[in-house]
Number of protein chains: 2
Amino acid sequence: MKAEALKGHLDLLLLAVVEDGPRHGYALMEELRIRTADALDLPEGTIYPALHRLERAGLLASKWTEVGGRRRRVYELTSHGKGTVEEKRRDWQAFALAVQGVLGPKVEPWPNPA
Amino acid sequence: MKAEALKGHLDLLLLAVVEDGPRHGYALMEELRIRTADALDLPEGTIYPALHRLERAGLLASKWTEVGGRRRRVYELTSHGKGTVEEKRRDWQAFALAVQGVLGPKVEPWPNPA
DNA sequence: CTTCATACCTAGCTACCCTATGCCTCGCAA
DNA sequence: TTGCGAGGCATAGGGTAGCTAGGTATGAAG
């Protein structure tokens with residue numbers, strides 16, 4: 001997976017996971033890796049700055065916690081973040097549909113679970 | 001459509017269109033716009049440098065033509081480009097599937113034409 | 001006691017898309 | 001005949017954002 005591919009989509013991924021419940025950075029990293037079967041194995045230098053950016057943007061809020069002597073910064077969606085994640089979902093769908101449209105009928109779209 | 005969303009995927013889009021037959025830059029621009037119903041309306045400053053990059057990388061080859069007093073640079077896929085576009089298609093599918101997997105069952109995948 | 005996993009941070013690099021601008025021709029309208 | 005829009009190409013410069021590589025610290029396992 002080329003690095004550039006992720007650009008502009010990472011925020012959505014992080015927000016979407018946090019949407020399922022508060023998470024700390026390291027857990028987000030792990031969860032992205034597992035939910036994508038190692039397709040997205042993002043380094044810490046990607047995750048942490050992104051979280052800080054999202055917090056600065058008011059989409060996430062964090063608080064420090066202590067678990068077994070280890071400090072964790074736990075993030076959760078703000079109300080503004082909740083709106084934004086839905087917007088970004090739609091943006092992704094539009095983008096993916098556009099790309100798929102250009103690629104044409106040669107490719108198999110992924111299976112429809114419906 | 002945020003600008004960053006495209007990063008790392010433009011090459012595939014351009015190669016995929018040229019795969020359908022030789023095209024010049026301006027035509028590629030128009031075709032991307034039309035095939036995506038205006039979802040991807042890319043400026044010239046995006047298209048032309050990308051084409052130069054792809055040619056330098058040996059994926060495209062160009063020749064100048066003259067049509068109605070207007071010079072056009074027409075691009076076509078090299079054999080190396082043909083291999084690369086297939087590889088990039090697979091990369092895109094893997095990436096899109098990964099993102100969709102993270103987004104979870106909340107979103108409707110696009111309709112399956114099959 | 002060393003190593004590994006957990007857990008956080010950031011300066012600097014790099015890739016690449018976009019803005020803004022410039023150049024040229026043709027066709028058409030004022 | 002002078003403008004102007006569309007067609008057609010090009011590039012310097014800027015901004016964004018992910019990654020590399022380095023740092024700090026704890027707890028568990030060897």
Side-chain angles (χ1 to χ4, degrees), chain A residues 1-15 18 22-34 36 39-57 59-60 62-75 88 91 95 98-99, chain B residues 1-15 22-34 36 39-57 59-60 62-75 88 91 95 98-99 102:
Chain A
M1 190 80 64
K2 270 279 278 42
E4 300 293 334
L6 190 59
K7 289 215 174 171
H9 305 291
L10 175 60
D11 292 2
L12 169 59
L13 293 172
L14 291 173
L15 293 174
V18 175
R23 299 280 195 282
H24 62 284
Y26 197 88
L28 282 165
M29 218 176 61
E30 289 295 292
E31 193 159 344
L32 279 179
R33 190 173 56 75
I34 289 168
T36 63
L40 289 181
D41 191 2
L42 307 180
E44 304 182 340
T46 293
I47 298 286
Y48 292 118
L51 290 172
H52 299 162
R53 199 180 20 176
L54 290 170
E55 184 166 24
R56 270 200 313 279
L59 307 180
L60 292 180
S62 75
K63 50 173 181 278
W64 285 100
T65 62
E66 182 104 8
V67 175
R70 286 209 185 84
R71 54 202 259 282
R72 291 175 173 173
R73 186 169 220 166
V74 175
Y75 293 88
K88 283 183 181 293
D91 286 350
F95 175 69
V99 173
Chain B
M1 190 79 65
K2 269 277 280 42
E4 301 293 335
L6 191 58
K7 288 216 175 169
H9 306 291
L10 176 60
D11 292 2
L12 169 59
L13 293 172
L14 291 173
L15 293 174
R23 301 278 196 284
H24 62 284
Y26 198 88
L28 283 165
M29 218 176 62
E30 289 295 294
E31 194 160 342
L32 280 179
R33 191 173 54 75
I34 289 168
T36 63
L40 289 181
D41 191 2
L42 308 179
E44 304 182 339
T46 293
I47 297 287
Y48 292 119
L51 290 172
H52 299 161
R53 188 163 24 98
L54 291 170
E55 184 166 26
R56 271 201 312 278
L59 307 180
L60 292 179
S62 75
K63 50 174 183 277
W64 285 100
T65 62
E66 182 104 9
V67 175
R70 287 204 186 90
R71 55 201 260 282
R72 291 175 174 175
R73 186 169 220 167
V74 175
Y75 294 87
K88 282 182 182 293
D91 286 350
F95 175 70
V99 173
V102 172

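Chain naming here is simple, since letters A, B, ... match the order of the sequence lines and numbering starts at 1 in each. These values consider heavy atoms only, across backbone and side chains, with no hydrogens, waters or symmetry-generated copies.
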Between D:dA28 and A:Arg70, is there an OP1 or OP2 to side-chain N/O distance shorter than 4.0 Å?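 No.
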Specify the separation, in whole Å, of atom [atom1] of [X] and atom [atom2] of [N].
X	N	atom1	atom2	value
B:Leu32	C:dC17	CG	P	12 Å
A:Glu66	C:dT6	CD	C1'	13 Å
B:Glu30	D:dG5	CD	P	17 Å
A:Leu54	C:dC9	CG	P	13 Å
A:Arg72	D:dT24	CZ	P	23 Å
B:Tyr26	C:dT25	OH	P	17 Å
B:Leu12	C:dC17	CG	P	12 Å
B:Met29	D:dG7	CE	P	8 Å

With DNA chain C as reference, determine whether A:Glu4 or A:Tyr75 sits nearer its 5' end, using the nearest nucleotide of each.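 Residue closer to the 5' terminus by nearest nucleotide: A:Tyr75.
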Side chain of [X] only, please: which of [options] is the nearest?
X	options	answer
A:Ala50	D:dG18, C:dT6, C:dC9	D:dG18
A:Lys7	D:dG8, C:dA5, C:dA15	C:dA15
B:His52	C:dC9, D:dA10, D:dT26	D:dA10
A:Arg53	C:dT10, D:dG18, D:dA6	D:dG18

List the atom of [X], the atom of [Y], and the distance in Å for their closest heavy-atom pair.
X	Y	answer
A:Leu14	A:Ala50	CD1-CB, 3.6 Å
B:Ser62	B:Arg73	OG-NE, 3.1 Å
A:Lys88	A:Leu12	O-CD2, 3.6 Å
A:Glu4	B:Gly8	CB-CA, 3.7 Å

Between CE of B:Met29 and CG of B:Leu40, what distance do you get to the nearest 0.5 Å?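 Interatomic distance, B:Met29 CE to B:Leu40 CG, rounded to 0.5 Å: 12.5 Å.
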Is it the case that D:dC9 (base atoms only) and B:Glu44 (side chain only) share a donor and an acceptor within less than 3.5 Å, ignoring hydrogens and angles?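 Yes, the side chain and the base share a sub-3.5 Å donor-acceptor pair.
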With nearest nucleotides of DNA chain D determined for A:Gly68 and B:Tyr48 from heavy-atom distances, which residue corresponds to the more 5′ nucleotide?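 By nearest-heavy-atom nucleotide position, the 5'-most residue is B:Tyr48.
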Quick check: on DNA chain D, is the nucleotide nearest B:Val67 upstream (toward 5') of the one nearest A:Arg71, or the reverse? Name the residue that is more 5'.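 The residue closer to the strand's 5' end, by nearest nucleotide, is B:Val67.
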Using a heavy-atom cut-off of 4.0 Å across all strands, would you classify B:Gly45 as base, sugar-phosphate, or nothing?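 Counting heavy atoms under 4.0 Å across all strands, the contact made by B:Gly45 includes a base.
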